[in-house]
Amino acid sequence: MQEFEIKKRELDFRTKEAFKTLRTNIEFSGENTKVICITSAMPNEGKSSISFELAQSFAVAGKKTILIDADLRKSVMRTHYRRGNVKYGLTHYLVGKKTFDEVFCKTNIDNFYMVFAGPVPPNPSELLGQERFSTLCTQLREQYDFVIIDTPPVGSVIDASIVSKNTDGVVVVMSSGAISYQFARKIKEQLDTAGARVLGAVLNKVDLSGKSYYGKYYGKYYGKYYGNYENSDNPDKKDRESAEAK
Ligand SMILES: Nc1ncnc2c1ncn2[C@@H]1O[C@H](COP(=O)(O)OP(=O)(O)OP(=O)(O)O)[C@@H](O)[C@H]1O
Ligand SMILES: [Mg+2]
């Protein structure tokens, strides 16, 4: 078993609340909603960040959780979060070179386990479409309370649709203002056609500055209660404060 150390960081109040809401909504989606695929229409909408924080949020709440980086083409986790001596990932397992015990990582956070993507294979869709991957999902469903799977964008490659077949539900991350309503509908249709159960969407990268629509909303309803938050010098504040789960 590999080990991986996560640098702990404190999220700001609004971000924490957003992840709690997302976690609770997923928990209320049904007791058999355990294996969850996170995807989006376009690249860069925040799938990997949200997968990582959501999985941690479940773990911190006492749920045994594993995060699987199934973006075999462009693993952000590998570059963003990888520390320590992690050599093997999902690709090694899918091609049969390693057992699952050899590729998964225990982390320094209780209940939180991870599998990194591994080296980029020439045929990611085929590997994810194989029985080895579906069998793995079935086994992990038995062993963990939650399995969170990060995938590439649906609008670019077929991988997320393939992965979603083995999951109990899909959460679609949408970066505020990034795609049209029509495109969002097309993505939903594509996931429906693949047989996926779309649990809902996360609206990410929302502008919460005073002038924006969401800024006014939050200013009015929460600002007066949590005004001190705005003055906090939390290092995460700048780039994370716009995360809002719906
Ligand atoms: N709520 C947010 N506010 C500000 N920046 C964010 C937010 N969520 C994600 N980001 C930033 O956006 C960038 C893309 O995020 P991330 O890698 O999670 O997206 P992704 O959808 O997984 O991208 P890809 O399609 O390339 O895999 C990163 O630099 C991340 O730090
Ligand atoms: Mg990503």
Side-chain angles (χ1 to χ4, degrees), residues 4-29 36-40 44-69 71 75-84 105-114 116 144-150 171-178 199-210 212 214-246:
F4 173 69
E5 195 188 331
I6 293 165
K7 213 173 140 197
K8 287 185 187 161
R9 55 179 198 159
E10 199 48 34
L11 294 178
D12 61 68
F13 175 80
R14 277 198 289 226
T15 309
K16 261 195 206 159
E17 284 303 301
F19 279 108
K20 265 190 214 164
T21 306
L22 178 59
R23 193 182 78 208
T24 311
N25 286 347
I26 291 172
E27 281 173 321
F28 277 91
S29 299
I36 296 145
C37 169
I38 311 285
T39 194
S40 67
N44 215 36
E45 296 200 66
K47 297 174 291 298
S48 300
S49 314
I50 286 176
S51 305
F52 188 72
E53 296 299 344
L54 174 65
Q56 271 196 69
S57 172
F58 275 123
V60 168
K63 307 285 181 191
K64 190 178 175 195
T65 306
I66 187 160
L67 170 62
I68 303 204
D69 184 0
D71 189 346
S75 168
V76 172
M77 307 262 177
R78 196 165 50 209
T79 45
H80 278 201
Y81 304 117
R82 185 169 149 169
R83 283 180 193 76
C105 306
K106 188 179 184 300
T107 75
N108 53 322
I109 296 179
D110 285 349
N111 299 313
F112 188 45
Y113 301 83
M114 289 179 80
F116 288 92
Y144 290 84
D145 293 320
F146 288 97
V147 181
I148 308 293
I149 309 179
D150 182 27
V171 172
V172 183
V173 176
M174 299 182 137
S175 179
S176 178
L199 296 176
V202 172
L203 186 60
N204 193 28
K205 301 196 183 184
V206 178
D207 180 5
L208 291 179
S209 66
S212 70
Y214 290 100
K216 280 181 193 147
Y217 179 86
Y218 279 98
K220 187 172 172 192
Y221 291 99
Y222 296 101
K224 61 183 174 185
Y225 300 110
Y226 304 109
N228 287 342
Y229 154 80
E230 292 299 342
N231 300 322
S232 93
D233 53 11
N234 185 327
D236 295 314
K237 175 174 176 272
K238 221 173 171 185
D239 63 335
R240 306 287 299 146
E241 70 182 0
S242 56
E244 169 61 4
K246 279 209 161 174

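Keep in mind the model is a prediction, meaning the values are calculated, not measured.
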List the atom pairs, with distances to 0.1 Å, where a side-chain N or O of residues 59-67 and a protein N or O form a donor-acceptor pair under 3.5 Å, not counting sequence neighbours.
from: Lys64; atom 1: NZ; to: Gln143; atom 2: O; distance (Å): 3.4
from: Thr65; atom 1: OG1; to: Lys63; atom 2: O; distance (Å): 2.8

When rounded to the nearest 0.5 angstrom, what distance separates [atom1] in [X] from [atom2] in [Y]?
{"X": "Lys20", "Y": "Thr15", "atom1": "NZ", "atom2": "OG1", "value": "12.0 Å"}
{"X": "Ile68", "Y": "Tyr113", "atom1": "CD1", "atom2": "OH", "value": "13.5 Å"}
{"X": "Asp150", "Y": "Ser48", "atom1": "CG", "atom2": "OG", "value": "3.5 Å"}
{"X": "Asp71", "Y": "Thr39", "atom1": "CG", "atom2": "OG1", "value": "9.0 Å"}

Side-chain heavy-atom pair [X], [Y] within 4.5 angstrom cut-off:
{"X": "Lys8", "Y": "Asn108", "result": "yes"}
{"X": "Ile36", "Y": "Phe146", "result": "yes"}
{"X": "Ile26", "Y": "Leu54", "result": "yes"}

Could you tell me whether Arg14 and Glu17 make a salt bridge, using a distance below 4.0 angstrom between a side-chain N and a carboxylate O? no

How would you list, by chain and number, every residue that makes a side-chain contact (heavy atoms from CB on, under 4.5 Å) with Thr107, sequence neighbours excluded? Phe4, Ile6, Ile109, Phe112, Met114

Identify, with sequence neighbours excluded, every residue that meets side-chain hydrogen bond (donor to acceptor under 3.5 Å, both in side chains) alongside Lys16. Glu10

For Phe19 and Ile50, what are the C-alpha separation, side-chain angles and deciding distance, and is it a side chain to side chain contact (heavy atoms under 4.5 Å, CB included)? CA-CA 8 Å; Phe19 279 108; Ile50 286 176; 4.1 Å; yes

With a 3.5 Å distance limit and no angle check, can you tell me whether Asn204 reaches the backbone of Glu45 through a side-chain donor-acceptor pair? yes

Taking the side chain from Ser57 and the backbone from Glu53, do they hold a donor-acceptor pair closer than 3.5 Å? no

So, Lys47 versus Ser40: side-chain donor-acceptor pair below 3.5 Å or not? yes

Which heavy atom in Ser176 sits nearest to a heavy atom in Val206, and how many Å separate them? CB-CA, 4.0 Å

